[in-house]
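Remarks on the structure that follows.
Naming convention: chains lettered A, B, ... in sequence-line order (proteins, then strands); numbering from 1 in each chain.
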There are 2 protein chains.
Amino acid sequence: MIDTKQKILDSAERLFGEQGYGATSLRQVIAEAGVNLAAIHYHFGSKEELVDAVILRKAEPVNRERLEMLDRLEAEAGDRPVAMEQILEAFLAPAVSRVAANPEFSKLMGRLLGEGMMPAVVDKHFRHVGMRFVKAMAKTLPELSPVELGWRIHFMIGAMAHTLCAQPVQFHTGLEMEDGQAVLQRLVAFLSGGMRAPVEQISRIEVK
Amino acid sequence: MIDTKQKILDSAERLFGEQGYGATSLRQVIAEAGVNLAAIHYHFGSKEELVDAVILRKAEPVNRERLEMLDRLEAEAGDRPVAMEQILEAFLAPAVSRVAANPEFSKLMGRLLGEGMMPAVVDKHFRHVGMRFVKAMAKTLPELSPVELGWRIHFMIGAMAHTLCAQPVQFHTGLEMEDGQAVLQRLVAFLSGGMRAPVEQISRIEVK
DNA sequence: GTCTATACTGAGATAGAC
DNA sequence: GTCTATCTCAGTATAGAC
C-alpha cells in the first residue's frame with residue numbers, strides 16, 4: 001500500500017504514547033499496523049529514526065502555534081517588550097493544551113527532555129523555536145545576562161517537561177490532574193516569578 | 001563469595017551511571033563484577049530491582065543530608081518559619097553538590113523523575129523527605145493553598161531533575177556546566193521567585 | 001521502488017544440577 | 001549460594017518476490 005508509512009506512524013504514535021519508547025517493541029507496531037517488520041526499516045531505518053519521525057509529526061503543529069502566538073504578541077507590542085506572562089503562555093499553552101487530547105503522547109514529548117534518549121532529536125525539533133523565545137525574553141528582561149537567562153530557560157523547560165510527563169507526587173490529596181487551563185495558569189504564575197527573581201547573591205549555608 | 005552482592009552493586013552503579021539504565025545490559029554488569037548472570041537474579045530478582053537497590057544506596061545519604069540541614073534550620077528558627085531560600089538550599093544542595101563527584105550517576109538520579117521508568121521507586125525513596133519539606137514550606141508561605149503549594153513543588157522538582165540530568169540547550173554560548181555552587185545559587189534564586197509568586201488570575205490569551 | 005520471509009545477535013529470565 | 005544450559009523475545013540485516 002501507498003500509506004504503509006502512515007499506518008506505521010499512526011501505530012507507533014499510539015503505542016509509544018501509551019507504553020513509552022523503550023517498552024514498545026517494533027513487533028507490536030507492525031502487528032497493529034498490519035505490515036511487515038522489515039517495512040519499518042525500509043521506511044525509517046531504525047527504531048530511533050521511527051520515533052524521530054513520530055515526534056516530528058507532533059512537534060511541528062506545537063511549534064507553529066507557539067510562533068504564531070509570539071508573532072501576534074510582538075506585533076501588538078510594537079517596539080515595547082512583551083509581558084513575561086504572555087511570552088510564557090505562548091510557549092507553554094500549545095504544549096499543555098494537548099495533554100487533554102492526547103495525554104499519553106504528551107508524556108512521551110515531556111520525557112524526551114528528561115531522558116538521555118535523544119538530545120539530538122530535541123535539539124533538532126525545538127531549538128529554532130527556543131531561539132525566538134530567548135530573544136523575546138531578553139527584550140522583556142534586559143537586566144538578565146545571557147547566561148543567567150539561559151539557565152532560567154533551562155529551569156523553565158524542566159518544570160514544563162516534568163508537568164507534561166509526570167503525575168504529581170501526592171504529598172497532599174486533591175492534587176490530581178486538573179483542568180489543563182488551571183495547570184497552565186499555575187505554571188505561568190510560578191515561572192513568571194522565577195524569571196523575574198533578583199539575581200543578587202543569596203545566603204550561604206555551610207554543609208556539615 | 002560473600003560480597004558478590006556488593007560487587008554487583010558497585011559495577012551496576014558505575015555502568016548505569018555512565019551509560020544509563022536502558023543502555024546497560026546485565027551481561028555487562030556481570031562481566032565487570034566477575035560473577036555469573038544468574039547471581040543478579042538470585043540476589044535482586046530482576047534488572048529493575050537491581051537499579052532500585054543501586055538508587056537506594058545513593059539516595060539515602062542525599063536524603064539524610066537534606067533532613068539534617070532542614071532540622072538545623074528549623075532549630076535555629078525556633079517558632080518562626082524558615083526562609084524559603086534556606087529551605088530550597090537544604091533540599092537542592094545535597095543533590096546538586098554530588099553532580100561534580102559523580103556526574104553520570106546524578107544523571108540517572110535526575111532521569112528517574114522524568115522517565116516513566118519507576119515512579120514507584122521515586123515515591124518509595126523520596127516521599128518521606130518530600131513531606132517534611134512540604135510542611136516547612138507551608139509554614140513559610142501560609143498564603144498558599146495546599147493544592148497550589150503541591151503544584152509549585154511539582155514544578156520545583158521538574159526544574160531540579162532537569163538540571164541534574166540534562167545538558168542545557170545551547171541557545172547562547174557560555175552556558176556550559178558551571179561550578180555546582182553557581183548553578184545551585186541560580187536555581188535557588190529562580191525557585192524562590194516562583195514559590196513566592198502571587199496566585200491571582202493571569203491575563204488570558206485566546207488561542208487562534 | 002516496495003514489501004515479505006527469514007535468519008542473526010544479544011537481551012532478560014528461569015529451571016535445575018551441584 | 002552458585003553456575004550451566006536454555007527459553008523467549010527484542011532490534012537488526014538481508015535476500016529475493018512483486
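Taking 3.5 Å as the limit, the base of C/dG10 and the side chain of B/Arg27 contain no donor-acceptor pair of atoms between them.
Between A/Val62 and A/Pro94, the shortest heavy-atom distance links the atoms O-CB, 3.8 Å.
Salt bridge annotation for B/Glu68-B/Arg72: absent, with no cationic side-chain nitrogen under 4.0 angstrom from a carboxylate oxygen. For the pair A/Asp10 and A/Arg57, the salt-bridge criterion is met [side-chain N within less than 4.0 Å of a carboxylate O]. Taking the charged nitrogens against the carboxylate oxygens, B/Glu65 and B/Arg98 do have a contact shorter than 4.0 Å, which makes a salt bridge. Ion pair B/Arg66/B/Glu89 not flagged as a salt bridge, since none of the NZ, NE, NH1 or NH2 atoms sits closer than 4.0 Å to an Asp/Glu carboxylate oxygen.
Atoms CD (A/Glu49) and P (D/dA13) sit 10 Å apart, rounded to a whole Å. To the nearest angstrom, P of D/dC9 lies 14 Å from CD1 of A/Ile30. Distance CG (B/Leu26) to P (D/dA10): 17 Å, rounded to an integer number of Å. If you take NZ of B/Lys47 and P of D/dT8, they are 21 Å apart, rounded to a whole angstrom. One atom, NZ of B/Lys7, and another, C1' of D/dT2, lie 12 Å apart when rounded to the nearest Å. The separation between A/Lys5 atom NZ and C/dC3 atom P is 10 Å, rounded to whole Å.
Nearest to the side chain of B/Asn36, among C/dA11, D/dC3, D/dG11, sits D/dC3. Of the candidate nucleotides D/dA13, D/dT4, D/dT2, D/dT2 has the atom lying nearest to any side-chain atom of B/Tyr42. Across C/dC3, D/dT2, D/dT12, the shortest atom-to-atom separation from the side chain of A/Leu37 is found for D/dT12.
Side-chain nitrogen and oxygen atoms of A/His41 include at least one within less than 4.0 Å of the OP1 or OP2 phosphate oxygen of D/dT12. Taking only side-chain nitrogens and oxygens, B/Thr4 comes nearer than 4.0 Å to OP1 or OP2 of D/dT2.
Residue-level contact check: A/Ala38 touches the bases, meaning some heavy atom is under 4.0 Å from a base atom. Using a 4.0 Å heavy-atom criterion, one finds that B/Ile40 contacts no nucleic acid atom at all.
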